[in-house]
There are 4 protein chains.
Amino acid sequence: MSTSTARSPRWERRKESRPAELLAAALELFVERGYAATRLEEVAARAGVSKGTLYLYFGSKEDLFKAVVRDTIVPLIDKLRRGAEQSPLASAELLRVFLADWWEHFGASRLGGLAKLIVAEAGNFPEVARFFHDEVIAPHSEVLVSIIERGIERGEFAPVDPRVAAHLWIAPLALKAIWTHSMDALSPPELRVAPERLLRTHIDFVLAALRPDAAATGARR
Amino acid sequence: MSTSTARSPRWERRKESRPAELLAAALELFVERGYAATRLEEVAARAGVSKGTLYLYFGSKEDLFKAVVRDTIVPLIDKLRRGAEQSPLASAELLRVFLADWWEHFGASRLGGLAKLIVAEAGNFPEVARFFHDEVIAPHSEVLVSIIERGIERGEFAPVDPRVAAHLWIAPLALKAIWTHSMDALSPPELRVAPERLLRTHIDFVLAALRPDAAATGARR
Amino acid sequence: MSTSTARSPRWERRKESRPAELLAAALELFVERGYAATRLEEVAARAGVSKGTLYLYFGSKEDLFKAVVRDTIVPLIDKLRRGAEQSPLASAELLRVFLADWWEHFGASRLGGLAKLIVAEAGNFPEVARFFHDEVIAPHSEVLVSIIERGIERGEFAPVDPRVAAHLWIAPLALKAIWTHSMDALSPPELRVAPERLLRTHIDFVLAALRPDAAATGARR
Amino acid sequence: MSTSTARSPRWERRKESRPAELLAAALELFVERGYAATRLEEVAARAGVSKGTLYLYFGSKEDLFKAVVRDTIVPLIDKLRRGAEQSPLASAELLRVFLADWWEHFGASRLGGLAKLIVAEAGNFPEVARFFHDEVIAPHSEVLVSIIERGIERGEFAPVDPRVAAHLWIAPLALKAIWTHSMDALSPPELRVAPERLLRTHIDFVLAALRPDAAATGARR
DNA sequence: GATGAATGAGTCTTCATTCAT
DNA sequence: TATGAATGAAGACTCATTCAT
């Protein structure tokens with residue numbers, strides 16, 4: 001009843017961090033359970049607030065979902081833009097760096113979980129899937145394609161179809177990233193292929209396949 | 001009292017075909033929307049029956065889901081068992097056939113949709129995911145590993161780590177299969193990489209990477 | 001396909017007995033589980049026919065319920081009418097016989113279960129309850145009241161209020177009958193009061209209470 | 001935009017009183033209609049809340065049912081424990097008080113309805129019936145038996161079988177209590193036996209039957 | 001007549017969303 | 001702002017009833 005100004009703070013957290021905490025909790029749960037099976041009450045609880053508070057920051061479950069996607073993707077887009085543009089490196093080295101970076105920033109990050117989530121919900125949320133496609137997949141693909149094209153133009157790479165090759169080069173990493181958030185939990189850890197090893201071997205194969213003297217004739221355009 | 005003696009019957013008795021029709025409808029919807037977002041009434045409607053009829057054949061939504069998984073997987077398992085065992089072919093040819101077969105029977109079939117579904121629901125249905133893992137993924141992986149091992153032993157392939165290579169060789173096809181049932185709907189058809197082309201190029205790369213004289217030194221074991 | 005007249009009978013039971021078998025099965029289940037919790041499919045199964053057949057004989061679940069009540073009650077009504085009318089016996093003896101008969105024909109029969117059923121469903125089926133009241137309870141009460149009145153008139157019984165006494169004299173037997181079909185299943189048999197003993201003791205008490213010289217002053221009218 | 005600033009609130013926050021209101025509504029309806037025929041929406045409506053609110057306080061229909069039973073019984077158990085222990089009264093007086101109290105606190109209270117309900121649902125909810133048996137019936141029976149035993153030991157009562165007598169002494173009141181909640185609604189009020197009169201007469205009869213000089217020889221043990 | 005496959009109205013239950021406090 | 005009690009639309013599931021065979 002006292003209106004004393006010296007009462008101890010009832011809420012510890014700073015309100016500015018609320019949305020971020022909610023988004024983090026929501027990302028975890030959406031990835032773990034899928035969109036429909038995630039209950040907002042649980043998101044709120046994991047973020048340490050009440051159900052009603054969530055609605056102060058996000059208008060609906062769908063809003064929250066989209067915010068999670070945007071929030072997770074956007075910084076990665078920025079990272080992408082800055083990386084690997086005009087580089088003095090040899091194309092082979094550029095490609096090696098691209099794949100290693102991709103794994104570090106995307107595969108090994110929470111983006112793998114997000115990818116699984118979006119793949120699963122693409123039918124129910126086409127706009128979200130399109131956003132992901134336009135903002136993440138397409139730009140990545142373009143960078144990769146342009147590296148391959150540059151290498152071919154300079155005679156550093158064998159003449160392959162860049163778009164096909166781009167899919168082939170990224171697929172093992174992308175699948176591994178998705179897998180980590182679903183099926184991998186079912187294999188005992190000692191049987192799983194270690195990502196670093198997969199990455200290293202994959203890069204070697206890719207560069208071997210692209211060597212200008214490689215005889216992979218069917219891949220020539 | 002009757003206004004017509006030739007009215008069409010309100011329904012037909014088709015005990016034999018009902019389960020298959022329901023399973024087909026359910027597979028479509030589960031793949032399209034995911035487990036939670038699929039309404040049983042809609043499954044029934046798509047199969048041309050009423051809600052109650054579905055319950056004559058499947059005890060619950062979860063039962064239906066598991067039946068769909070089992071029903072889709074089992075014939076493929078049989079197909080798998082029969083394929084690619086003791087073959088007189090050269091290992092390179094064997095591998096080429098394996099990948100082409102895999103795409104034909106698995107990637108291009110409804111299994112792609114099922115894989116997406118299971119990847120998405122692994123967290124909610126660990127038993128189903130395990131079933132898929134044990135009955136589909138593991139056997140496939142073993143066959144592929146054994147082909148690679150055979151090739152290495154005979155000196156037909158370069159000495160790579162077979163389990164790592166197996167992941168690398170199957171990933172582009174698996175991801176394409178999953179993709180077909182989610183993100184692909186978002187790209188205009190003319191921009192999508194045609195599966196046949198992807199397959200052909202991929203096989204060429206794989207065989208190039210495995211050539212005993214290939215210089216992919218990092219992949220040696 | 002052959003229309004031979006010598007084929008073995010597909011249905012063993014005679015159709016005339018079907019309704020009785022259905023009623024018997026229904027009585028058992030209604031008593032055991034109550035009206036709502038009894039499924040018609042189970043009634044049919046217990047009677048050895050299919051669900052559809054039940055509807056050849058009874059138009060609805062409610063119809064079946066009412067038929068069960070009527071069918072169980074009616075023969076007892078007839079028995080009642082014939083019993084204990086003009087008898088040369090002493091009133092005490094008449095009362096003793098009435099109570100013993102009541103227990104034998106009503107309490108110890110399936111009527112106890114029916115009573116429990118009707119008591120339970122009186123709110124949902126007032127017509128059924130009224131039927132039971134008018135055809136069973138009221139006539140019994142009247143007979144009992146008339147015996148008591150006769151005894152009082154002849155100076156064989158102390159002057160009690162016959163309607164109150166009738167309730168008191170029948171209640172222990174009626175409750176025991178109801179109890180047998182519900183709570184009794186929960187006590188170990190050796191702890192239950194044996195009905196015969198209860199009956200004997202009760203009759204003794206009743207007759208003692210009615211002895212003209214009894215000093216139960218409060219019961220005088 | 002607002003057409004009025006004084007519209008009444010759509011609902012109130014009454015966390016404290018909700019459960020009790022819901023239990024009261026549920027007791028009424030369960031007694032009136034039985035377990036299965038009671039719809040939760042109607043319980044909620046009678047308590048002045050919506051269907052969903054009920055689930056904030058009770059996890060399921062069965063939970064609600066058990067809570068109703070527990071809630072109705074528990075205070076009566078406490079009342080029972082306090083009553084009729086070591087009393088300086090003569091045994092006849094003790095018994096008179098016990099029966100009068102029983103009627104006042106149990107027969108005339110909502111316990112009559114509960115007893116009907118439990119008798120009806122004993123087959124479907126054996127645990128509930130056992131709870132009722134152990135917590136209500138058995139303790140009452142014991143108190144009554146012990147009063148009768150005390151009376152016999154002191155020579156105040158004729159030597160009867162206490163367990164049989166206990167059933168006989170309580171049955172008319174118990175049946176009247178059950179009846180009040182089912183069949184009684186069918187008799188015109190002027191024909192029903194008034195409970196007070198029944199009680200008074202019954203007590204007189206009981207005490208007469210127990211008088212040491214009573215000649216109810218058959219009841220001797 | 002007999003069967004049991006098919007139907008769909010009726011209920012329980014969940015959970016996103018609102019709003020009094 | 002923050003809370004969490006209250007709401008009610010939506011969906012799984014049951015079972016009395018119908019009707020093609």
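First the proteins, then the strands, lettered A, B, ... as listed; each starts at 1.
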Worksheet item: Which heavy atom in B:F58 sits nearest to a heavy atom in B:A67, and how many Å separate them?
Response: CE2-CB, 3.7 Å

Practice prompt. Only stems of 3 or more consecutive Watson-Crick or G-U pairs count here, both distances under 3.5 Å; name the ones for DNA chain F, or none.
Written response: E:2-21 with F:2-21

Worksheet entry | Criterion side-chain contact (heavy atoms from CB on, under 4.5 Å) against A:L29, the qualifying member of A:V43, A:V68, A:L40 | A:V43

Fill in: Parallel, tilted or perpendicular: rings of B:Y35 and B:F65 (30°, 60°)
perpendicular

Item to complete: Mind listing the residues from residues 36-57 of chain B sitting with a heavy atom below 4.0 Å of DNA chain F? Number order is fine.
Response: B:T38, B:R39, B:L40, B:K51, B:Y55

Worksheet entry | Whether A:K116 side chain and A:V31 backbone form a donor-acceptor pair below 3.5 Å | yes

Worksheet item: Would you say C:R46 has more than 12 foreign heavy atoms packed within less than 6.0 Å of its CZ?
Response: yes

Worksheet item: OP1 or OP2 of F:dA6 sitting under 4.0 Å from any side-chain N/O of D:R18?
Response: yes

Worksheet entry | More than 12 heavy atoms of other groups within 6.0 Å of B:R33 CZ | yes

Worksheet item: Hey, can you pull the residues of residues 59-69 of chain B with a non-hydrogen atom under 4.0 angstrom from DNA chain F?
Response: B:S60, B:K61

Response to the item:
Separation of F:dA6 atom C1' from D:F58 atom CZ, nearest Å, is 15 Å

Response to the item:
Scanning both residues in full, the closest heavy-atom pair of D:L22 with D:A44 reads CD2-CA, 4.2 Å

Discussion item. Could you report the tightest heavy-atom contact between D:F132 and D:I73, atom names first, then the distance?
Written reply: CD1-CD1, 3.4 Å

Discussion item. Salt bridge or not between D:E127 and D:R130? Use side-chain N to carboxylate O under 4.0 Å.
Written reply: no

Worksheet item: Can you tell me how far the OH atom of B:Y57 sits from the CG atom of B:D63, to the nearest 0.5 Å?
Response: 15.5 Å

